[in-house]
Number of protein chains: 2
Amino acid sequence: MTISRSISATVSLMAKQLTEKQFLKNYNVHDFDVPLVTVDMAIFTVKEGKLQVLVVKRAQHPAKGKWALPGGFVDMTLDKTLNDTAYRKLKEKTGVDTSYLEQVESFGGAGRDPRGWSVTVAYLALISSDDIVLSKDESSEDVTWVPIEDMGEKVELAFDHDAVLKACHGRLKGKVQYTSLPVNLLPADFTLTELQKTFEIILDKSVEKKSFRRRILDADILEETGEMKTGSNRPAKLYRVKPEGESHFFARSLEGPR
Amino acid sequence: MTISRSISATVSLMAKQLTEKQFLKNYNVHDFDVPLVTVDMAIFTVKEGKLQVLVVKRAQHPAKGKWALPGGFVDMTLDKTLNDTAYRKLKEKTGVDTSYLEQVESFGGAGRDPRGWSVTVAYLALISSDDIVLSKDESSEDVTWVPIEDMGEKVELAFDHDAVLKACHGRLKGKVQYTSLPVNLLPADFTLTELQKTFEIILDKSVEKKSFRRRILDADILEETGEMKTGSNRPAKLYRVKPEGESHFFARSLEGPR
DNA sequence: CCACATAGTGGCAATAAGCCACCATGTGGT
DNA sequence: ACCACATGGTGGCTTATTGCCACTATGTGG
């Protein structure tokens with residue numbers, strides 16, 4: 001039984017605690033109020049023509065001062081489910097309380113956090129950049145958007161958050177191939193061209209205009225607002241997502257050029 | 001370090017322990033060896049023309065005597081990752097140590113287990129019924145296969161395992177639409193008709209023969225063994241999965257008849 | 001008032017699935 | 001030995017969906 005710790009005062013307590021836990025486990029008795037589980041999330045938005053992720057500078061040890069995905073411990077007094085934790089964290093960091101949210105994968109192991117065996121449940125969130133109200137001052141945390149292409153070189157993540165992010169990014173790219181997910185990255189009203197651009201940014205490749213429009217329109221998930229987006233050149237029809245038309249699955253994936 | 005204590009004697013310790021944990025959490029110090037996390041799995045096989053799931057009769061409280069999905073606590077002394085736990089559990093229950101294994105979803109909440117807030121990481125496993133060596137006596141647990149269609153009426157699951165199973169079954173059905181997953185439910189060598197039947201059993205609908213064969217063969221994931229399956233009527237070519245041809249994704253989903 | 005950029009469409013080619021009839025080749029009964 | 005039968009396997013057309021690309025439509029701004 002190895003216990004390495006800097007806080008010497010707790011060492012003796014820990015030893016006893018470990019055996020108590022072991023004992024309790026053997027008798028199938030558990031009623032702890034602090035599950036050793038965290039939720040970490042990859043919150044995506046499209047800003048300045050780039051897919052960006054929200055990262056937070058850690059204010060506490062371990063990895064103090066390093067960038068990490070937003071997240072934290074499940075709070076059993078506040079959260080009834082894991083989803084509650086995810087929504088709470090999303091709200092804390094972005095001010096957004098309704099958005100696309102999806103559980104992606106859980107990462108657990110002895111090596112991923114210096115504090116020992118831990119589990120994190122990774123979530124994917126998509127929000128419109130319009131909705132963001134970054135609460136920089138609120139918790140005096142440094143919060144910022146980083147283009148996904150800059151991750152790894154310009155910004156390095158603590159713990160195994162690079163793997164967590166990779167899983168979330170992979171899920172996003174995968175789903176975009178055969179669903180209408182990207183509508184969740186746009187404001188309520190948008191043009192088809194804006195939607196197509198969003199697809200292209202996520203897939204990092206161009207999409208054929210006619211095919212794209214047919215696909216989306218035939219799916220019958222959008223409705224015209226009646227308004228037009230005016231600005232430069234020919235105005236474009238504005239669309240919004242039909243009620244309950246949120247997540248449509250297509251029979252074929254969005255292919256690239258032959 | 002002795003672990004000899006009666007359950008009643010631990011009650012008072014429980015209160016202190018909670019505060020110790022709270023203390024530790026506040027200082028971001030965690031080094032417990034018993035994460036309050038379980039892994040539960042839906043182990044599928046196809047037997048007697050039916051998709052079946054492995055269930056275990058619980059030998060201990062809570063839900064003693066009720067059926068449940070196989071699973072259990074992460075053992076930090078044995079498991080380096082969550083996948084290790086899953087593989088260990090799979091081996092314990094079926095004797096199989098290599099098979100298709102995939103993490104599906106995590107379920108966490110205050111209400112899912114009477115012992116309190118808990119998290120389970122659900123896994124999906126596919127094994128060939130040939131490989132099974134049920135270890136009934138080993139842990140004196142009652143272990144049995146149940147056709148998925150009998151779940152709910154003939155067999156009820158403890159905790160929220162019905163939801164866990166539903167998620168795993170849903171994942172399986174979803175993936176079978178556009179991958180070659182079912183090869184993992186067959187023995188090493190099989191005929192195309194056997195593979196097609198497996199698809200049909202999982203999807204619970206018939207699949208067009210020619211379309212199916214084209215799809216699989218064009219994907220170039222199988223190779224002929226050179227042997228023929230003889231038995232009744234015209235013998236059929238035997239195939240096996242090419243090395244690294246395990247999980248092929250198709251551009252289009254497997255549709256039913258129009 | 002005209003060039004231009006962007007919105008939106010027509011129509012055919014290419015791809016992959018559905019459909020179904022037909023041929024191939026064993027086993028087993030007489 | 002032979003033939004009915006069940007199952008394996010294929011040819012070839014139809015249908016559905018996407019790719020392709022040129023062409024038309026309609027505003028803005030000089």
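Below, read A as the first sequence line, B as the second, and so on, with proteins coming before strands; counting in each chain starts at 1.
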## Note on the structure
Partner of E224(A) under salt bridge (charged side-chain N to carboxylate O under 4.0 Å, His left out), picked from K242(A), R240(A), K237(A), is K237(A)
#### Entry: Pair E194(B) + K197(B): basic N to acidic O under 4.0 Å
no
Round to the nearest Å and state the distance from [X] atom [atom1] to [N] atom [atom2].
{"X": "Q196(A)", "N": "dT6(C)", "atom1": "CD", "atom2": "P", "answer": "13 Å"}
{"X": "E194(A)", "N": "dG8(C)", "atom1": "CD", "atom2": "P", "answer": "11 Å"}
{"X": "H248(A)", "N": "dT17(D)", "atom1": "NE2", "atom2": "C1'", "answer": "12 Å"}
{"X": "K237(B)", "N": "dG26(C)", "atom1": "NZ", "atom2": "C1'", "answer": "15 Å"}
{"X": "F250(A)", "N": "dG19(D)", "atom1": "CZ", "atom2": "P", "answer": "12 Å"}
{"X": "K205(A)", "N": "dT18(D)", "atom1": "NZ", "atom2": "P", "answer": "13 Å"}
{"X": "L203(B)", "N": "dA17(C)", "atom1": "CG", "atom2": "C1'", "answer": "15 Å"}
{"X": "L192(B)", "N": "dG9(D)", "atom1": "CG", "atom2": "P", "answer": "6 Å"}

### Query
Once each nucleotide of nucleotides 25-30 of chain D is scored for protein heavy atoms under 4.0 Å, what B/S/- sequence comes out, 5' to 3'?
BBBS--
### Task
Have a look at T193(A) and say if it touches a base, only the backbone sugar-phosphate, or nothing, with a 4.0 Å heavy-atom cut-off.
sugar-phosphate
### Task
Give K209(A) one of three labels, base, sugar-phosphate or nothing, depending on what nucleic acid heavy atoms sit under 4.0 Å from its own.
base
### Message
Does either side chain, that of T225(A) or that of D189(A), offer a donor lying less than 3.5 Å from an acceptor on the other one?
### Response
no
### Message
Check this for me: does the side-chain of R252(A) come within 3.5 Å of the base of dT17(D) through a donor and an acceptor?
### Response
yes
### Query
So, is the end of the R112(B) side chain (NZ or CZ) under 6.0 Å from the ring centre of F107(B) and within 45° of the ring's axis?
no
### Query
Looking at residues at least two apart in the chain, or sitting in another chain, which of them share a side chain to side chain contact (heavy atoms under 4.5 Å, CB included) with P147(B)?
K50(B), Q52(B), E149(B), D150(B)
### Query
If you draw a 6.0 Å radius around CD in E223(A), do more than 12 non-hydrogen atoms from other residues or ligands fall strictly inside?
yes
### Task
Might you confirm whether atom CD of E244(B) has over 12 heavy atoms from other residues, nucleotides or ligands at distances under 6.0 Å?
no
### Query
Among residues 210-225 of chain B, which residues get a heavy atom nearer than 4.0 Å to DNA chain D?
K210(B), R213(B), R214(B)
### Query
Out of dG8(D), dA7(C), dC20(C), which nucleotide sits closest to the side chain of E208(B)?
dC20(C)
### Query
Run the side-chain hydrogen bond (donor to acceptor under 3.5 Å, both in side chains) check on Y123(B) and N83(B) step by step: do they pass?
CA-CA 9 Å; Y123(B) 275 80; N83(B) 275 16; 2.6 Å; yes
### Task
Fit a plane to each ring of F44(B) and H169(B), take the angle between them on a 0 to 90° scale, and name the class: parallel (under 30°), tilted (30 to 60°) or perpendicular (over 60°).
tilted
